[in-house]
Enquirer: 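Just dropping this structure here.
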Amino acid sequence: MTAIAIDAATRVKTLIALTEELTAIISRENDLLAARRPQEMSALQPDKARLAAAYAQSIRHVAADRSSVAGAGDGLIDQLREITKTFEARALHQRALLDGARAASESVMRAVAEEAGKTGEPGYGARRAASAAPLILDSKA
């Protein structure tokens with residue numbers, strides 16, 4: 001195997017490893033979202049940010065010079081394609097989970113706001129101004 005082919009194989013193997021690690025993190029995040037424990041995702045963010053930056057750099061390098069991975073061999077390229085499909089599927093699933101959570105949250109907030117507007121409780125809705133006692137300042141007191 002030539003030095004160029006070794007470099008290409010190393011680049012593809014690195015990209016495969018980064019993609020697998022990112023996929024694992026997204027899978028853990030998806031599990032947390034499905035379990036309604038999104039607050040626990042914050043512990044994963046430093047690793048995710050580090051991996052995402054390395055992944056983006058690798059992708060940019062390959063996009064700028066496709067020949068840099070040309071000698072990696074069909075087996076590694078096929079493996080990269082498969083893990084990339086898995087990664088994209090998990091990312092799409094995460095998007096759906098996040099969109100669903102956002103929609104549910106917005107729906108609850110709308111319902112709370114509508115109910116608060118109906119109650120007439122001080123501090124809520126338009127009725128507050130009507131039920132508030134006037135404030136009188138007495139400069140002699």
Side-chain angles (χ1 to χ4, degrees), residues 1-139 141:
M1 194 178 250
T2 68
I4 293 172
I6 291 170
D7 286 347
T10 300
R11 279 191 189 93
V12 173
K13 286 178 183 178
T14 299
L15 196 48
I16 288 169
L18 289 169
T19 307
E20 287 174 335
E21 289 183 61
L22 276 171
T23 300
I25 287 175
I26 289 175
S27 292
R28 283 183 289 204
E29 288 176 335
N30 290 353
D31 292 343
L32 291 169
L33 287 168
R36 298 175 194 245
R37 296 186 343 242
Q39 66 281 6
E40 294 176 33
M41 290 171 56
S42 63
L44 302 173
Q45 298 318 295
D47 281 342
K48 185 178 182 181
R50 178 184 57 77
L51 290 167
Y55 178 82
Q57 182 180 0
S58 291
I59 291 294
R60 280 192 303 272
H61 180 78
V62 170
D65 182 14
R66 292 206 181 263
S67 67
S68 68
V69 296
D74 291 342
L76 283 175
I77 298 298
D78 289 345
Q79 188 179 352
L80 178 59
R81 281 189 184 114
E82 287 304 310
I83 191 62
T84 300
K85 286 179 189 176
T86 301
F87 171 71
E88 290 171 350
R90 301 265 165 80
L92 282 173
H93 181 63
Q94 185 171 77
R95 168 69 91 179
L97 289 169
L98 290 170
D99 287 348
R102 187 185 74 246
S105 177
E106 289 171 356
S107 176
V108 168
M109 292 303 292
R110 267 193 307 277
V112 167
E114 287 174 12
E115 189 60 32
K118 293 177 187 176
T119 65
E121 291 290 322
Y124 295 104
R127 294 184 184 176
R128 178 177 184 196
S131 65
L135 179 64
I136 301 172
L137 297 175
D138 185 357
S139 62

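Just so we're clear, the structure is a prediction, and the values are computed from it rather than from any experiment.
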Enquirer: Over all heavy atoms of both residues, which pair between R37 and E40 is shortest? Give the atoms and the distance, please.
Expert: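 So the minimum-distance heavy-atom pair works out to NE-OE2, 2.8 Å.
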
Enquirer: Which heavy atom in I16 sits nearest to a heavy atom in L76, and how many Å separate them?
Expert: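 The pair with the smallest heavy-atom distance is CD1-O, 3.6 Å.
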
Enquirer: Under 6.0 Å from the CD atom of Q57, do we count more than 12 heavy atoms belonging to anything else shown?
Expert: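 Counting neighbours around CD of Q57, 12 or fewer heavy atoms of other residues, nucleotides or ligands fall under 6.0 Å, so no.
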
Enquirer: Is the shortest side-chain N to carboxylate O distance from D47 to R50 below 4.0 Å?
Expert: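 Counted as a salt bridge, because a side-chain N and a carboxylate O are separated by less than 4.0 Å.
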
Enquirer: Please report the interatomic distance CD1(I83) to OG1(T19), rounded to the nearest 0.5 Å.
Expert: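 Nearest 0.5 Å value for the CD1-OG1 distance: 6.5 Å.
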
Enquirer: Indicate yes or no: at least one non-hydrogen side-chain atom of S107 is less than 4.5 angstrom from one of R110.
Expert: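 They are in side-chain contact.
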
Enquirer: If you compare all heavy atoms of A43 against all heavy atoms of P46, which two are closest, and at what distance to 0.1 Å?
Expert: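 So the minimum-distance heavy-atom pair works out to O-CD, 3.6 Å.
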
Enquirer: Measuring from atom CD1 of I26 to atom CD of Q94, what distance do you get when rounded to the nearest 0.5 angstrom?
Expert: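 Between atom CD1 of I26 and atom CD of Q94 there are 5.5 Å.
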
Enquirer: Could you please spell out the steps behind the salt bridge (charged side-chain N to carboxylate O under 4.0 Å, His left out) verdict for R102 and D99?
Expert: CA-CA 5 Å; R102 187 185 74 246; D99 287 348; 3.1 Å; yes

Enquirer: Do we see a donor-acceptor contact under 3.5 Å between the side chains of R90 and T23?
Expert: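 Their side chains do not contain a donor-acceptor pair, so the 3.5 Å distance test is not met.
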
Enquirer: Check the pair K85, E82 against salt bridge (charged side-chain N to carboxylate O under 4.0 Å, His left out), reporting the backbone distance first and the verdict last.
Expert: CA-CA 5 Å; K85 286 179 189 176; E82 287 304 310; 3.6 Å; yes

Enquirer: Taking all atoms of both residues into account, what is the closest heavy-atom pair of A70 and A8, and its distance?
Expert: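 Smallest interatomic distance, heavy atoms only, reads N-CB, 4.4 Å.
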
Enquirer: Rounded to the nearest 0.5 Å, what's the gap from CZ on R60 to CG on D65? Could you check?
Expert: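 R60 CZ to D65 CG: 15.0 Å, rounded to 0.5 Å.
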
Enquirer: Testing L44, L98, L97 one by one against E29 for a side chain to side chain contact (heavy atoms under 4.5 Å, CB included), which residue passes?
Expert: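 Going through L44, L98, L97 one by one, the side chain to side chain contact (heavy atoms under 4.5 Å, CB included) with E29 is satisfied by L44 alone.
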
Enquirer: Under 3.5 Å, side chain of S105 to main-chain N/O of A101, donor-acceptor pair present?
Expert: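 Side chain of S105 to backbone of A101, a donor-acceptor pair under 3.5 Å: no, none is there.
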
Enquirer: Shortest non-hydrogen contact from V62 to S68?
Expert: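 That closest heavy-atom pairing would be CA-OG, 4.1 Å.
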
Enquirer: Y55 versus I59: any side-chain heavy-atom pair under 4.5 Å?
Expert: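 Yes, side chains in contact.
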
Enquirer: Between CD1 of I25 and CD of E20, what distance do you get to the nearest 0.5 Å?
Expert: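 That separation rounds to 12.5 Å.
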
